[in-house]
Amino acid sequence: MQSNKNITGARFIAETLHGYGVTHVFYVDAILRKTLVDLEELGICRVITHSEKAAAYMADGYARVSHKPGVCMAQSVGAANLAAGLQDAYLGRSPVIALTGKKPPLFQYRNAYQEIDHRPLFAPVTKYSADVVALEQLPSLLRQAFREATSGTPRPVHLDLLGHNGRALEAAEGMLPVIIEEPYTHYPPVRPEPEAEAVAQAARAIAAAKRPVIVAGGGVRLASAEVEVLALAEKRSIPVATSVNGKGTILADHPLNVGVVGSYSVRCANQVVSEADLVIYIGSNTGDQVTHSWRVPPIGTPVVQIDIDPAEIGRSYPGAIGVVGDAKVAVAKLTGALETGSANESWLQRTQSLVSAWRNEIEPLRQSDAVPIHPERLCKELSDSLPDNAVLVADTGYSAIWTATMVYLSQPGQTYLRAAGSLGWSFPASLGAKCAVPDRPVICFTGDGGFWYHLSELETARRYNINTVTIINNNGGLAQGIKDVHGVYGNRPGKPEELYRFEPVSFARIAQEMGCSGIRVEQPDQIRSALREALAAETPTVIEVMTGLDYRAPDPWAPAG
Ligand SMILES: Cc1ncc(C[n+]2csc(CCOP(=O)(O)OP(=O)(O)O)c2C)c(N)n1
């Protein structure tokens, strides 16, 4: 699609974003105000947030659920905050396009008000960062931003626009071609095929393995390859573990599902991956979290890696067999290259007995009537109430562990998104996700520590009628670190609780004060009705569930030694 006419930079940016299918921009004033006027005319929602980090997280949540780039913006002094917010998108491989303003060259190197060098801020959190200093650069660089964000491993990109609020570019006029390159309006834009010999080599390794296991990562969701992964697993009866990010690739009660593996994990998944004689990573990095610091599986275990990025092959497990390509295409080819059959009946029995042992052990906690409420019970109630097409957005730390290990996803239409590590990410990210899929129920699961970060965005949710449900696991403090805090104190006198305890606060009342609904739940048997009420509400709703600060999430299992 192309049109070539004399227009302002503002109109050009607005028409390009519109043409690429962008429906929302997330930002803090004062950036691209002229463009925002044109965006309104084109029907694009302009979401003003209360901090740049929240804007970045919203764009990230939007991008992760919609398979389209999310756009966030900040003026010059806000750029550092915006960059901080891109860290999770970078780690979570999410295509966010960040637009910032930068003062013109004459202002540089002479104490420009409100400005530091933006380049070092964006370098580690983007795969592409460019200065746009002339109107004529806008067409090619804006298109390149979409191309870079969506292709290969999707990740954030950044354009630094002339003028601290971008006005210099948006006010100028020129013959600017509005060209929309359809493939880069979404990800993946293309699906590269793996080399036939690589597929054949991986197929031989899988056919020869006696105890294979698949580890499905977030790349499976990025490539929408869930059906293909399941087909591969079922053809050879291969058990499937997932990374936290890959949760949802296989349904909870599928006989091949062994659960989430790594540091935030269920014991049975770590046991299965440790006992495997071949681990097939699909769209998963092999970093410390998914491998529990390379102990699960131990280094030396034969590995197949299916990845879009050749630089990932063998990064942590030397000698890995690499199948480089789009996960959907590569897995389908691999499945086609394999005969139907079971690797080993006794292996399947072994993995299923490990799964049952784990599930039987935790079920009493998932059913517990104890007060304060056990997070395990909260997760069971959430599992049972989760709508078939829900998007569940989890914060980091215990919120990731509780949901990864204790929430059972039973429907293929359910999506699970998790913070790549930034505490506080989930609430703004869930708002961004809801903007992208307004017809789906979006539920955020966060601790109170995580929620405090972006509490102010309740007002944003109310203002734009972004009707999400936010479950706050309210234990009045930062639970994940408690064991370690007491460990470092040892027998020394002092006030360890100062390092993790908060004043009691009612988030339900705060939500109500901000025009949202707020429900406080103190009894386990109230959770279900609270969720029902929240899911039916026509306002953003907070459910604070009063849990206990003494409750510990499962520790990861590791093989002896
Ligand atoms: C930006 C950032 N700062 C600090 C941390 C370290 N951290 C991870 S979980 C956590 C505690 C979270 O507390 P809360 O959200 O209340 O959940 P709880 O552990 O109580 O369930 C902290 C401090 C982090 N992951 N990200």
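Only this structure's heavy atoms are used, side chains among them; waters, hydrogens and symmetry mates stay out. Being a predicted model, the structure only gives us computed values, none of them experimental. In listed order, ligands and their atoms are each counted from 1.
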### Summary
ligand 1 to Asn475, heavy atom cutoff 4.0 Å, flagged ligand atoms 18 (P), 20 (O), 21 (O)
### Task
Check whether any N or O atom of Trp402, backbone or side chain, sits under 3.5 Å from an N or O atom of ligand 1, and answer yes or no.
no
#### Entry: Numbered atoms and elements of ligand 1 in range of Gly397, under 4.0 angstrom, heavy atoms
9 (S)
### Message
How far is atom 17 (O) of ligand 1 from the closest protein heavy atom, and which atom is that?
### Response
Gly447 CA, 3.7 Å
#### Entry: Side chain, backbone, both or neither: Leu423 near ligand 1, heavy atoms under 4.0 Å
both
### Query
Considering only protein heavy atoms, which is closest to atom 18 (P) of ligand 1, and at what distance to one decimal place?
Ala479 N, 3.6 Å
#### Entry: Part of Asp448 within contact of ligand 1 (heavy atoms, under 4.0 Å)
both
### Message
Quiz question: by atom type and distance under 3.5 Å, do the side chains of Tyr281 and Thr286 form a donor-acceptor pair?
### Response
no
### Query
Do you see a protein non-hydrogen atom under 4.0 Å from atom 6 (C) of ligand 1?
no
### Query
Only one of Thr468, Thr403, Leu386 forms a side-chain contact (heavy atoms from CB on, under 4.5 Å) with Ile443, so which one is it?
Leu386
### Summary
In ligand 1, the atoms that come under 4.0 Å of a heavy atom of Thr396 are 25 (N)
### Task
Just do the salt bridge (charged side-chain N to carboxylate O under 4.0 Å, His left out) check on Glu148 and Lys127 with the steps written out, would you?
CA-CA 7 Å; Glu148 297 273 357; Lys127 64 193 278 198; 5.0 Å; no
### Message
Salt bridge or not between Arg315 and Glu312? Use side-chain N to carboxylate O under 4.0 Å.
### Response
yes
### Summary
closest protein heavy atom to atom 16 (O) of ligand 1 is Gly449 N, 2.7 Å
### Task
Quick one: look up the protein heavy atom nearest atom 15 (O) of ligand 1 and list residue, atom name and how far away it is.
Gly450 N, 2.8 Å
### Task
May I ask you to check whether Tyr57 and His454 place their ring centres under 6.0 Å from each other?
yes
### Query
Which residue and non-hydrogen atom of the protein lie closest to atom 9 (S) of ligand 1, and at what distance in Å?
Gln480 OE1, 3.1 Å
## Note on the structure
The reported gap from CZ in Arg119 to CG in Asp131 (rounded to nearest 0.5 angstrom) is 7.0 Å
#### Entry: Region of Tyr453 engaging ligand 1 - heavy atom pairs below 4.0 Å
side chain
### Task
Please report the shortest heavy-atom distance between Phe427 and Leu455, naming the atom on each side.
CE2-O, 4.5 Å
### Aromatic centroids of Phe507 and Trp452 separated by under 6.0 Å
yes
### Task
Return the residue, atom name and 0.1 Å-rounded distance of the protein heavy atom closest to atom 21 (O) of ligand 1.
Tyr398 CB, 3.4 Å
### Task
Check if Gly477 has a non-hydrogen atom at a distance under 4.0 Å from any atom of ligand 1.
yes
### Message
When you measure from the centre of the six-membered ring of Tyr408, is the NZ or CZ of Arg366 closer than 6.0 Å and no more than 45° off the axis?
### Response
yes
### Task
Could you walk me through whether Arg520 and Glu522 pass the salt bridge (charged side-chain N to carboxylate O under 4.0 Å, His left out) test, one step at a time?
CA-CA 7 Å; Arg520 183 179 172 99; Glu522 293 179 356; 2.7 Å; yes
### Query
What protein heavy atom is closest to atom 13 (O) of ligand 1, reported as residue, atom name and distance in Å?
Leu478 CD2, 3.3 Å
### Task
Check if Gly421 has a non-hydrogen atom at a distance under 4.0 Å from any atom of ligand 1.
yes
### Message
With a 6.0 Å cut-off on the ring centroids, do Tyr187 and His67 count as close?
### Response
yes
